[in-house]
Protein chains: 2
Amino acid sequence: MNLKAERGAATRDRVLGIATRLFSEHGYDGTSIEMVLHESALSRGALYHHFAGKDALFEAVFEAVETRIGREIAATVTSGASAEQALREGSLAWIRLAGDKVIQRIVLIDAPSVLGWEKWRELEARHAFGMLKRTLRATRAVREEYLEIHAHMLLAAINEIALLVARTGQTEQAERAVEDFLARLLDGERPGQGPGALAASDLAERDAPTTT
Amino acid sequence: MNLKAERGAATRDRVLGIATRLFSEHGYDGTSIEMVLHESALSRGALYHHFAGKDALFEAVFEAVETRIGREIAATVTSGASAEQALREGSLAWIRLAGDKVIQRIVLIDAPSVLGWEKWRELEARHAFGMLKRTLRATRAVREEYLEIHAHMLLAAINEIALLVARTGQTEQAERAVEDFLARLLDGERPGQGPGALAASDLAERDAPTTT
DNA sequence: TTCTAGACCGACAGTCGGTTTGTAATGGAG
DNA sequence: CTCCATTACAAACCGACTGTCGGTCTAGAA
């Protein structure tokens, strides 16, 4: 059962790649299943054999993109850095990555509406949001009580800037503004223990590459 | 030409109200034009006479909701308050208003995807975003250079919390966290001039109720 | 009274997402 | 080697949806 499985996985991946491009170029609504079929030279039956529906296809694309992002950000942050440093580096890396139209359109714009906000956040918690929350906790800059909420606000703010930069192109200015923003947040209250050391596990992804 | 015009405006408003409810309950994609037609007991032709298409109908709904929000927030903020106070009051008012499913779904979740991010921001600049930016400038807490970007981040953060509160219901905790968040931002660098006085015009909406 | 413009109607075409039925081929069981 | 379950894929088909278009009706101007 090898040749068959391999062929199946290959076409699945091919469809995934094509769908990623189409979704990012035309949005979820603007991309028809028939476009995907045409570009992948596949039949309806074949596609629906691999993916339960258009939304499931989108979700698979979303997961793949998120996983890739997580890897790239984790690779950017210098290991052994302080949590504050990691937070800064990670945020800037994220903003630069989000220059990619694929990420903008799929992850930031369409996902909440297509997947629903709750599912979006649930998935993000396993990727970018989870990473940010662990790093923010390691800085010990915010009380545990507010950690979740501050992490939400911070991620939303950074995502917004990612979109803003992508449109205006004021990269340097935005990056300085984000650093300023972060500095203000981190310099708030400090419970005393001093800057926390960042364990490698704080950045590690929790999930295996999903295959649904 | 009065009776006719009035009748026209009346049915337009009626359709707008019905569409607002349906869009907020089932989302943009989950709401069919036929649903709107059925509930409003109108014909296809009549609806397409008033609105160019489904997206135009959505945009009209969006504008109406934004205008209402702007009025309600402006009414909440105590007049003559300091800019810092106004920022806090306005933010909390916004979070509470966003408990409304209508606002969540239409303004925060579906709008970016349906209208496109650019148009969304362009419209928001005339409503919530514009208000926030003017108030933030009045606090003189951020350098003019970063004002636009910080305002974007702040609004995105607050919007996120509005959605979060709506799901988890931890209203008090979130409100305290937001106040903490704001305090940290405002306590950053201060160019010296002291707290700015908030002119009434800073909160005023710029636009007349749109009718497109 | 006549005529025009705007409100409204309803059938229709085209497209889309999804289902169903069918076929070819692979690989393990006997 | 044979048989059969399973998997990958194909194609016709269905219901639902959006948007268009020719046409009707009526209020109010001329």
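Quick caveat: nothing in here was measured; it's all calculated off a predicted structure. Naming convention: chains lettered A, B, ... in sequence-line order (proteins, then strands); numbering from 1 in each chain.
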Response to the item:
Rounded to whole Å, the CG-C1' distance (D29(A) to dT15(C)) equals 13 Å
Worksheet entry | Interatomic distance where NE2 belongs to H49(A) and C1' belongs to dA24(C) [whole Å] | 14 Å
Worksheet entry | Which nucleotide in dA7(C), dA10(D), dC17(D) has an atom nearest any side-chain atom of H50(B) | dA7(C)
Fill in: Nearest-neighbour nucleotide for the A46(B) side chain, dC17(D), dA11(D), dC9(C) considered
dC9(C)
Practice prompt. Identify the two heavy atoms, one from V61(A) and one from A19(A), that lie closest to each other, and give their separation to 0.1 Å.
Written response: CG2-CB, 3.9 Å
Worksheet item: Which of the following nucleotides, dA10(D), dC8(C), dT18(D), is nearest to the side chain of L42(A)?
Response: dA10(D)
Response to the item:
Looking only at dT20(D), dG18(C), dC9(D), the nucleotide nearest the K54(A) side chain is dG18(C)
Item to complete: Scan G45(A) against the nucleic acid and name what it touches under 4.0 Å (heavy atoms): base, sugar-phosphate only, or nothing.
Response: base
Worksheet item: Rounded to the nearest Å, what distance is computed from the NE2 atom of residue H38(B) to the C1' atom of nucleotide dA16(D)?
Response: 16 Å
Worksheet item: Judged by modelled atom types alone, do T78(B) and Q85(B) share a side-chain donor-acceptor pair under 3.5 Å?
Response: no
Discussion item. Check this one for me: any side-chain N or O of T11(B) less than 4.0 Å away from OP1 or OP2 of dC8(C)?
Written reply: yes
Fill in: Touch class at under 4.0 angstrom, heavy-atom based, for T31(B) against every strand present
sugar-phosphate
Worksheet entry | Main-chain N/O of V107(B) paired to W120(B) side chain as donor or acceptor, under 3.5 Å | yes
Worksheet entry | Between dC16(C) (P) and D55(A) (CG): distance, integer Å | 17 Å
Worksheet entry | Protein-nucleotide distance (F58(A), atom CZ; dG17(C), atom P), rounded to Å | 14 Å
Worksheet item: Out of dA10(D), dC16(C), dT19(C), which nucleotide sits closest to the side chain of Y48(A)?
Response: dT19(C)
Worksheet item: Quick one: L37(A) CG to dT19(C) C1', roughly how many Å, whole number?
Response: 14 Å
Practice prompt. Kindly say whether Y146(A) contributes a backbone atom to a donor-acceptor pair with the side chain of Q173(B) at under 3.5 angstrom?
Written response: no
Worksheet item: Between E148(B) and K133(B), is there a salt bridge with N-O shorter than 4.0 Å?
Response: yes
Fill in: Euclidean distance, atom CZ of residue R7(B) to atom C1' of dA5(C) [Å, nearest integer]
14 Å
Worksheet entry | Earlier contact from the 5' end, DNA chain C, for R14(B) and R44(B) | R14(B)
Worksheet item: To the nearest Å, how far apart are H26(A) NE2 and dC16(C) P?
Response: 12 Å
